[in-house]
Amino acid sequence: MERGAPFSPYQLPKPNSGLNMDQLSNPNSMTSSVVTAGGTSDKNKGVAVQQQPCMAREQDQYMPIANVIRIMRKSLPAHAKISDDAKETIQECVSEYISFVTGEANERCQREQRKTITAEDILWAMSKLGFDNYVDPLTLYINRYREIETDRGSALRGEPAVSFRQTYGGSGIGFHGPPHSLPPSGPYGYGMVDPTMGMGGGRYYQNGSGQDGSGSGTGGSSSSINGMSSVYDPYGQYK
Amino acid sequence: MAEDQESPIRPEFPIGRVKKIMKLDQDINKINSEALHLITYSTELFLHFLAEKSAVVAVEKKRKTVSLDHLRTAVKRHQPTSDFLLDSLPLPSQPGRHTKTASDKKAPPPPPVGTRRIDDFFQ
């Protein structure tokens, strides 16, 4: 899945070209060095071990290029191509960005004598560095993340609201009361936040009180939903 | 199912890799899981931003392929990004990490006229 293996074809020729020169007189070693860097000869192994940590570090310090390209394609027109050097440079830019924001957040942590970087530190760093247009979508994101984490916690405790949530089919926002009026998703301009924020407002379902019958249990079922039905009560008018 | 709720927030980038990159800095101690998710998501936003702006520049220059120069122009146009990123971009003359050196190979020049091969002496 990831190109985390240290023996990618890009790095191999460099150490091996040196090896081949040294071992021209030794055909056995040459074949093993060409096949894998973990070959049988000691010299081969020695050089490979020295090269290995460098290669692993280079791969690990960048985001996987496949992910980078996939995300880029979402923002680019369908027919657009990306040059190879642009792909690699963007890979490096992404890592620079991560280090940059993290470093700034970490400085704030240290000034306040804390050891753990929190979400607030990150948001503060983004705003300070001039990326405040990210702060809003990020705040929504983290709120949703927190709600989901809390919901997962309540699900483990076995509260009856679990079945309600499963039929909702959307994000967890609005679960604790009337739907929040989310700001329009237009201004962000990235398009990727929109689908996830789709609030199917008409998809509230009654809780598992279907045993009450098709319409006769209206009074009973309303009261069992703990005030949720104040939002949407489709069976309220049935008579 | 739990996956329905998770998919709206599942990041596109591997979180483990983001954490490794953060840890490359020796000063960084611990990172909250929320902070990690935030950084990962914000990195996606940043990448979208870079891609969009670079594509705009490519279209302006009537090119279908987004090149390094387009990226550089896009970075320059956005002040906060330019402040931290411009110096990291490779110079136009520098090759990328994995550039092939095929163009460096040249055929050896032909020998001057009148040269005799050494074999001629032994015939």
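From a predicted model like this one, the values you see are computed outputs, not experimental measurements. Convention: sequence-line order gives letters A, B, ...; per-chain numbering from 1.
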Under 3.5 Å, which donor-acceptor pairs link side chains of residues 22-32 of chain B to any protein atom two or more places apart or in another chain?
residue, atom, partner, partner atom, Å
B:K23, NZ, B:N29, O, 2.7
B:D25, OD1, B:D27, N, 3.1

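- Residue contact with chain B, scored on non-hydrogen atoms closer than 4.5 Å, involves the side chain of A:I122 exclusively.
- Among A:S83, A:A125, A:S95, the residue making the largest number of heavy-atom pairs under 4.5 Å with chain B is A:S83.
- In this structure, the portions of A:Y97 lying under 4.5 Å from any heavy atom of chain B include both its backbone and its side chain.
- Between chain B and the options A:H79, A:E120, A:M72, A:R70, heavy-atom pairs under 4.5 Å are most frequent for A:M72.
- Classification of B:E52 and A:R73 as a salt-bridged pair fails, no side-chain N sitting under 4.0 Å from a carboxylate O.
- Ion pairing between a basic and an acidic side chain is recognised when a charged N comes within 4.0 Å of a carboxylate O; A:K74 and B:E12 show such pairing.
- A salt bridge is defined here as a Lys NZ or Arg NE, NH1 or NH2 lying under 4.0 Å from an Asp or Glu carboxylate O, and A:R146 with A:E149 fails to meet this definition.
- With a 4.5 Å cut-off on non-hydrogen atoms, B:L38 touches chain A through its backbone and its side chain both.
- Annotation: maximal heavy-atom pairing with chain B below 4.5 Å, among A:C93, A:G130, A:S99, occurs at A:C93.
- Interface residue A:Q110: only side-chain heavy atoms are found under 4.5 Å from chain B.
- Ion pairing of A:E104 with A:R108 is absent here, as no side-chain N (NZ or NE/NH1/NH2) approaches a carboxylate O to less than 4.0 Å.
- Proximity to chain B is absent for every atom of A:R114, based on heavy atoms less than 4.5 angstrom apart.
- For B:H78, the part lying near chain A is the side chain, with the backbone staying farther off; criterion is any non-hydrogen pair under 4.5 Å.
- Between the side chains of A:T118 and A:D121, at least one donor N or O sits under 3.5 Å from an acceptor N or O.
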Could you go through residues 82-89 of chain B and list every donor-acceptor pair under 3.5 Å that involves a side-chain atom there, pairing it with any protein atom two or more places apart or in another chain?
residue, atom, partner, partner atom, Å
B:D83, OD1, B:Q79, NE2, 2.9
B:S88, OG, A:E96, OE1, 3.4

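- Interface residue B:S33: backbone and side-chain heavy atoms are both found under 4.5 Å from chain A.
- Contacts with chain A were tallied for B:S42, B:S54, B:A58; B:S42 has the most, counting heavy-atom pairs under 4.5 Å.
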